[in-house]
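Read through the structure below, which is laid out as structure tokens, and then see the notes.
Remember, predicted model here, so these are calculated numbers, not experimental data.
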Amino acid sequence: MQYTPENLQNTDDSLPIDQILCGDNLELIQKLPDCSIQLVITSPPYFQQRDYGGGMGNETEVSEYIDKLLCLFRECVRVVKDDGSIVFNVGDKYMDSNLLLVPYRFALAATETGLVKLVNEITWVKRNPTPRQFRRRLVSSTEPFFHFAKSNNYYYDLNAFLAQERSPKQSTKRDSTKLGQRYFELIAESELSKTEKIAARKELTEVIQEVLQGQIYDFRMKIRGIHAEPFGGQIGGRTLQLKNKGFTIIRMHGNKLKRDVIETSVAAVKGNKHPAIYPVEVIEEFLHLLTPPASLVLDPFMGSGSTAVACKKLDRHYIGYDINAEYCEDARQRVSETPSASLRLFEKK
């Protein structure tokens with residue numbers, strides 16, 4: 001279901017669309033119907049890190065903390081659509097100089113419920129981590145976001161993820177006399193048969209022309225007996241080509257690899273009382289990747305309101321919960337000051 005302006009006047013009180021509600025998230029989420037949310041994305045209070053004005057995060061044992069998270073997680077799975085996703089950002093904790101690996105304990109426990117599969121761990125790289133001078137360990141500058149799905153047909157727009165990162169433009173000054181020259185030398189040095197060498201030179205000449213004509217960005221060539229055999233996901237076809245033809249050519253189209261990394265600065269919002277604000281830009285990337293426009297997003301730990309702000313900016317709808325009334329008020333104010341997608345489009349015209 002897409003949430004258009006016409007059906008936002010929903011007679012179903014279980015869908016408080018574009019609202020931030022103050023209260024216990026486990027009680028509030030239980031009021032939502034099954035399969036009503038496209039994406040759940042949230043960052044729960046970290047274990048024994050800060051006092052957020054509520055009970056979560058103050059547990060004495062990691063196991064207790066994870067058990068509480070799993071109670072909410074099961075409800076998240078229930079309310080997410082079959083083609084929806086769940087994204088949790090969970091922070092880690094040192095205790096007695098020992099890193100507890102809390103995020104990974106949670107991720108394992110979540111998959112062990114049998115309700116979801118773990119699609120990716122996306123690493124948020126902080127360009128400006130809190131400056132600290134540890135003597136016996138390095139400064140932490142990354143956090144994991146775990147992407148879970150309840151089926152194999154989850155919505156996924158790979159082209160929209162980090163779309164602003166474009167491949168470097170191909171240089172127009174390619175020296176045709178040097179391009180591929182080393183491969184010609186390697187073919188001559190190889191133990192390929194005369195027929196195989198003729199075929200290798202012919203295909204190498206053709207792929208060089210594809211580069212010079214701008215049809216592809218670049219290429220790589222592997223020759224039997226000189227280069228190591230392919231491994232991993234490319235093992236089948238290229239291994240067979242090396243065996244049967246004596247060589248394989250890998251064409252590169254210049255498409256930037258979509259890596260499991262989002263790099264931004266740590267956020268700061270003037271006047272906001274929340275002690276741990278994650279950047280709107282991080283949420284925006286997940287919205288691009290995992291939701292179509294006008295879909296409904298839930299953040300059961302809304303905190304400073306970053307998820308709601310990102311949704312408003314990108315033409316998605318949101319529902320948010322937080323147990324701290326002051327945070328809820330600050331988040332609502334922050335969202336009210338955020339131009340909607342349609343307004344920003346109008347202003348650009």
Side-chain angles (χ1 to χ4, degrees), residues 1-3 14-21 23-46 56 66 68-91 103 106-107 109-111 113-122 124 143-157 161 262 278 280 282-312 314 316-323 328 331 335:
M1 177 181 181
Q2 298 299 300
Y3 296 92
S14 63
L15 286 178
I17 294 174
D18 294 338
Q19 295 183 45
I20 298 174
L21 306 180
D24 182 278
N25 54 22
L26 190 57
E27 295 177 3
L28 291 168
I29 196 173
Q30 288 172 352
K31 298 177 182 179
L32 295 179
D34 296 355
C35 302
S36 56
I37 304 294
Q38 184 67 41
L39 171 66
V40 176
I41 183 166
T42 196
S43 180
Y46 298 171
M56 190 73 197
I66 291 175
K68 283 188 178 181
L69 270 187
L70 287 177
C71 289
L72 177 69
F73 186 81
R74 289 186 177 91
E75 284 297 310
C76 293
V77 176
R78 179 185 64 81
V79 302
V80 161
K81 297 179 179 180
D82 288 340
D83 67 344
S85 294
I86 301 169
V87 176
F88 266 59
N89 163 230
V90 181
F106 163 73
T111 56
T113 64
L115 301 173
V116 294
K117 55 188 64 184
L118 180 57
V119 179
N120 267 128
E121 174 202 346
I122 297 92
W124 171 31
E143 289 187 20
F145 281 74
F146 295 109
H147 171 205
F148 301 95
K150 59 194 289 188
S151 73
N152 287 327
N153 65 333
Y154 50 88
Y155 178 89
Y156 207 66
D157 188 352
F161 181 69
I262 301 174
Y278 61 13
V280 171
V282 174
I283 307 303
E284 288 177 346
E285 292 303 337
F286 285 107
L287 295 183
H288 285 307
L289 182 67
L290 302 175
T291 68
S295 53
L296 185 56
V297 178
L298 170 66
D299 188 341
F301 294 98
M302 181 59 82
S304 66
S306 293
T307 297
V309 169
C311 287
K312 189 174 181 182
L314 295 184
R316 273 72 169 173
H317 299 290
Y318 63 86
I319 298 173
Y321 306 143
D322 206 280
I323 200 168
C328 287
V335 174

When rounded to the nearest 0.5 Å, the distance separating CD1 of I323 from CD of E27 is 8.5 Å
With sequence neighbours left out, the residues meeting side-chain contact (heavy atoms from CB on, under 4.5 Å) with V282 are W124, F145, I262, T264, P279, F286
Rounded to the nearest 0.5 Å, the CD1 atom of I283 sits from the SG atom of C311 at a distance of 8.5 Å
Applying ring-ring contact (aromatic ring centres under 6.0 Å, His included) to F148 and not counting sequence neighbours gives F73
Rounded to the nearest 0.5 Å, the OG atom of S306 sits from the CD1 atom of I41 at a distance of 10.0 Å
Sorted by chain and residue number, the side-chain contact (heavy atoms from CB on, under 4.5 Å) partners of K68 (sequence neighbours excluded) come out as M56, E59, E64
*State, with a plain yes or no, whether a side-chain heavy atom of L15 is found less than 4.5 Å away from one of L296.*
yes
- Using modelled atom types only, decide if a donor and an acceptor are shared between the side chain of D157 and the backbone of L289 within a distance under 3.5 Å. no
When every non-hydrogen atom of D82 is compared with those of K150, the smallest separation belongs to OD1-CE, 3.7 Å
Distance col, row D24:CG vs D322:CG, nearest 0.5 angstrom, shows 11.0 Å
_Within-4.5 Å side-chain heavy-atom neighbours: F88 and C76_ = yes
side-chain hydrogen bond (donor to acceptor under 3.5 Å, both in side chains) filter on D299, not counting sequence neighbours, yields T42, T307
| Audit row: L298, I29, side-chain contact (heavy atoms from CB on, under 4.5 Å) steps and yes/no | CA-CA 9 Å; L298 170 66; I29 196 173; 3.8 Å; yes
Applying ring-ring contact (aromatic ring centres under 6.0 Å, His included) to Y154 and not counting sequence neighbours gives H147, Y156
(request) Take F161 and H288 through the side-chain contact (heavy atoms from CB on, under 4.5 Å) test and state the conclusion after the steps. (result) CA-CA 6 Å; F161 181 69; H288 285 307; 5.7 Å; no
For T113, the side-chain hydrogen bond (donor to acceptor under 3.5 Å, both in side chains) test, sequence neighbours excluded, returns none
Nearest heavy-atom approach of H317 to A294 is CD2-O, 3.6 Å
side-chain contact (heavy atoms from CB on, under 4.5 Å) filter on S43, not counting sequence neighbours, yields Y46, N89, Y278
Show the atom names and distances, to 0.1 Å, of all donor-acceptor pairs under 3.5 Å that link a side chain in residues 115-122 to residues at least two apart or in another chain.
residue: K117; atom: NZ; partner: N152; partner atom: OD1; Å: 2.6
residue: E121; atom: OE2; partner: Y104; partner atom: OH; Å: 2.9

What one should report as the nearest heavy-atom pair of Q30 and E75 is CG-OE1, 3.7 Å
Smallest heavy-atom separation, L26 atom then C71 atom, equals CD1-O, 3.8 Å
Note: R316 and L314 closest approach over all heavy atoms is NH1-O, 2.7 Å
- Evaluate the side-chain proximity of I37 to I319: yes if any heavy-atom separation is below 4.5 Å, no if none is. yes
Report yes if the side chains of P16 and L32 come closer than 4.5 Å at any heavy-atom pair, otherwise no.
yes
Which of D83, V297, V80 passes side chain to side chain contact (heavy atoms under 4.5 Å, CB included) with Q38? It is D83
Using side-chain heavy atoms (C-beta onward) and a distance below 4.5 Å, is V335 in contact with V309? yes
Closest non-hydrogen contact found for P103 with F146 is O-CE1, 3.3 Å
Residues passing the ring-ring contact (aromatic ring centres under 6.0 Å, His included) test with F301, sequence neighbours excluded, are none
Do P300 and V40 make a side-chain contact, defined as non-hydrogen atoms from C-beta onward lying under 4.5 Å apart? yes
